[in-house]
Participant: 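One structure follows; several queries about it will come next.
Residue numbers start from 1 in every chain, and the chains themselves are labelled A, B, ... in the order their sequence lines are given, proteins ahead of strands.
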2 protein chains.
Amino acid sequence: MSYQIELRHFTYFMAVAEELHFRKAADRLFISQPGLSRQIKQMEEIIGVALFVRNKRKVTLTAAGVYLKKELDYIFNHIDFTIRQTRLIDQGSNGEIRIGFLGSAMQTVIPELLVMVNKELPDIQFSLEEMSNHLQVEAVEKDQLDLGFVRLARVPEGIQKKTVHTDSFSLVVPLEHQLTSKTFKSIAQVSDEHFILFSSDYSSLYYDKIMSICEDKGFTPKVTHKSVHAQTIFKLVESGLGVAIVPTSLQRGFDLGVKFLEIPKIPQKAILSVIWKKDNRNPALQQILKFL
Amino acid sequence: MSYQIELRHFTYFMAVAEELHFRKAADRLFISQPGLSRQIKQMEEIIGVALFVRNKRKVTLTAAGVYLKKELDYIFNHIDFTIRQTRLIDQGSNGEIRIGFLGSAMQTVIPELLVMVNKELPDIQFSLEEMSNHLQVEAVEKDQLDLGFVRLARVPEGIQKKTVHTDSFSLVVPLEHQLTSKTFKSIAQVSDEHFILFSSDYSSLYYDKIMSICEDKGFTPKVTHKSVHAQTIFKLVESGLGVAIVPTSLQRGFDLGVKFLEIPKIPQKAILSVIWKKDNRNPALQQILKFL
DNA sequence: TTAATTAATAACTATGAGTTATCAAATAGA
DNA sequence: TCTATTTGATAACTCATAGTTATTAATTAA
């Protein structure tokens, strides 16, 4: 019989698929270029499919190679997770849940969830990472995350979504700003001010909603700064660089020189959803989902 | 640095986990028992977890081992599937076929083709776009399309052409028109009416054929309207703006207030051809061509 | 034309998977 | 108790092959 495929082949394939350059990939793997070339060639022979096109001076993936790369990405993540999980079970834990979240989820849902789960399932461990909407969806698909806390209208096929929190929007102004909760009637009162918002690529749904809040009141906001961190936005507001519109729940958890003025009578809500992969195999996830 | 885990370890682990007996597992794997023992030991060292309990004279799985066995079962299946799928993609069983077509092809050949291919090669995806003859030829040459459904007498060098459907022409008149299938004997009976035709730059072959049909009967049609959409043409006929001559198969698929009267005893036929580029590298195309 | 860059080929070296031979521990049967 | 038997682990080996260095062939850039 012929050779057997090994994880080594997959590792090498991924390096070449990412670098699209045999020597650079070999450097990254700390092996020689001919050794790498031979292993890739062997892999192509075992599978019986050309994975790369070595065209003149550049290397590209074939259609089959593109597919294989995507799947191996998932497979490697799943193997890593499985081994970590095996270690945790050995140590008597019930497993690990990997959670991604937007900064604004850390003020409301996540702490409650953690407290509740920790009480009911004390041997489940958590790993938490702040990530953008987009990266969370990718990570959930790749099996790098079990749960994501996102603000998204739609999610791809194969991903489940459930609303966990609905929040109003608040205007954020410096403490010394003339507006107060009594005099603040409409967002149109600050139509001439500069706006500081979360980046649209951090959360495009949030960004679109802010735009529609302003459009409804008949103006287009002058967006002068964007950030991915609430802390940064508050600091910029405090420094007088402009005003911001954020989910009201962000008022908690930060101690800054800004005022929150809840925007009255608008239909837009900041909706926080939790997402997970339909065919996620982490048994701890099934337990956690019962609490949501 | 320490050893790296390989699929070999997983394979051996699965054999021992199933046999719960090192010698039997070694026999099944066609290796010696000490070799197997050493690989399992190494695997346990890499992961850092005891997977088996060698108790007196019998071998059992630890809790961690039970979990790992279940997951590896899944992982092996997923790897197998991925490699099979990679091979299929290489052979074109999976992938995308980009098809261009004239509106009149959507009533006959394309639906049949799609149903047939979908049955035999369920993993091939289609992208469909309605385009003129001319644009289809261009797109096929540029490798923007894999297949084109056209009505053309000649195609440029490098393009392959094959007839897939031959159709008669029909006269299209309003429902309340005096002519019926019984009284309609010759196109000359409507020589004084206004004609609504497909634009010559949408399909010049069609246009030329209509002209020759009329010429053969000794008159030149008064063309008052042109359109690229059958739907539009039928609406204009329904509204009493004139009569039309179209391929008979267009009778299907539209629900409009017009009558189709097949034109008797004429040599002209509406010929639908499929075109593709000789050196198209889409592997899925080769598969599809077998059905044509 | 020459120089530089790339992957493939050829011939080698040495790591470690798999071998045989053996041991130690445990059981079962007298 | 004393064997005989079954088990996995250990020790010392050998050999298949992953990875090495040196080189070539092909292409591009200067």
Participant: Send over the distance from B:H9 NE2 to C:dG18 P, rounded to a whole Å.
Facilitator: 9 Å
Participant: Counting only side-chain N and O atoms of B:K41, is one of them less than 4.0 Å from OP1 or OP2 of D:dT10?
Facilitator: yes
Participant: Mind calculating the distance between CG (B:L20) and C1' (D:dT6) to the nearest angstrom?
Facilitator: 16 Å
Participant: Does the side chain of B:Q42 get closer than 4.0 angstrom to OP1 or OP2 of C:dG16 through an N or O atom?
Facilitator: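 No, outside the criterion.
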Participant: Just to be sure I understand the rule, does B:E6 reach a base, reach only the sugar-phosphate, or reach nothing, if contact means heavy atoms closer than 4.0 Å?
Facilitator: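 No contact.
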Participant: What nucleotide, of D:dA9, C:dA7, C:dA8, holds the atom closest to the side chain of A:P34?
Facilitator: C:dA8
Participant: Measure from CZ on A:F30 to P on D:dA18 and round the result to the nearest Å.
Facilitator: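 From A:F30 CZ to D:dA18 P: 21 Å.
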Participant: At 4.0 Å (heavy atoms only), tell me whether B:Y12 reaches a base, stays on the sugar-phosphate, or touches nothing.
Facilitator: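 B:Y12: backbone/sugar contact only, no base atoms under 4.0 Å.
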Participant: Would a distance-only check, ignoring hydrogens and angles, find a side-chain to backbone donor-acceptor pair under 3.5 Å from A:Q125 to A:E96?
Facilitator: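 Answer holds: no.
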Participant: Tell me the interatomic distance from A:F52, atom CZ, to C:dA7, atom P, rounded to whole angstroms.
Facilitator: 11 Å
Participant: What is the distance from CZ of A:F22 to P of D:dG19, rounded to the nearest Å?
Facilitator: 15 Å
Participant: What is the distance, rounded to the nearest whole Å, between atom CD of A:E44 and atom P of C:dA8?
Facilitator: 8 Å
Participant: Could you tell me which non-hydrogen atom of A:Y207 sits nearest to which non-hydrogen atom of A:F198, and how far apart they are?
Facilitator: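 Looking at all heavy atoms of both residues, the closest pair is CD1-O, 3.4 Å.
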Participant: Nearest to the side chain of B:I31 - C:dT19, C:dA17, D:dG8?
Facilitator: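 Per side-chain heavy atoms of B:I31, the pick is C:dT19.
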Participant: Using OP1 and OP2 only, check whether a side-chain N or O of A:H21 sits under 4.0 Å from C:dA7.
Facilitator: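 Yes.
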Participant: Ignoring hydrogens and geometry, is there a side-chain-to-backbone donor-acceptor pair from B:Q136 to B:M131 under 3.5 Å?
Facilitator: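 Flag set: sc B:Q136 to bb B:M131 pair under 3.5 Å.
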Participant: Write down the atom of A:R281, the atom of B:K70, and the distance for their closest heavy-atom approach.
Facilitator: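 Minimum heavy-atom contact is NH2-O, 3.9 Å.
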Participant: Base, sugar-phosphate, or nothing for B:Q39, non-hydrogen atoms under 4.0 angstrom?
Facilitator: sugar-phosphate
Participant: Within this structure, what is the CD1-to-C1' distance between B:I5 and C:dG16, rounded to whole angstrom?
Facilitator: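 So the CD1-C1' distance, B:I5 to C:dG16, works out to 16 Å.
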Participant: Within the structure shown, what part of the strands sits under 4.0 Å from B:R8 by heavy-atom distance: base, sugar-phosphate, or nothing?
Facilitator: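 Answer is sugar-phosphate: B:R8 comes under 4.0 Å of backbone atoms only.
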Participant: Could you tell me whether the phosphate oxygens of D:dG8, OP1 or OP2, come under 4.0 Å of any side-chain nitrogen or oxygen in B:R54?
Facilitator: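 It does not, given that no N or O in the side chain of B:R54 lies less than 4.0 Å from OP1 or OP2 of D:dG8.
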Participant: Measure from the ring center of A:F52 to the ring center of A:F13 and say whether it is less than 6.0 Å.
Facilitator: yes
Participant: With sugar-phosphate meaning primed atoms plus P, OP1 and OP2, does B:R38 contact a base, only sugar-phosphate, or nothing at under 4.0 Å between heavy atoms?
Facilitator: base
Participant: Okay, side chain of B:E44, backbone of B:L51: is any donor-acceptor separation there less than 3.5 Å?
Facilitator: yes
Participant: Side chain of A:S37: nearest nucleotide among D:dG19, C:dA7, D:dA9?
Facilitator: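 Nucleotide nearest to A:S37's side chain: C:dA7.
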Participant: Rounded to the nearest angstrom, tell me the gap between atom CG in B:L36 and atom P in D:dT7.
Facilitator: 14 Å
Participant: So if I take every side-chain heavy atom of B:S32 and compare against D:dT7, C:dT19, D:dT21, which nucleotide ends up nearest?
Facilitator: C:dT19
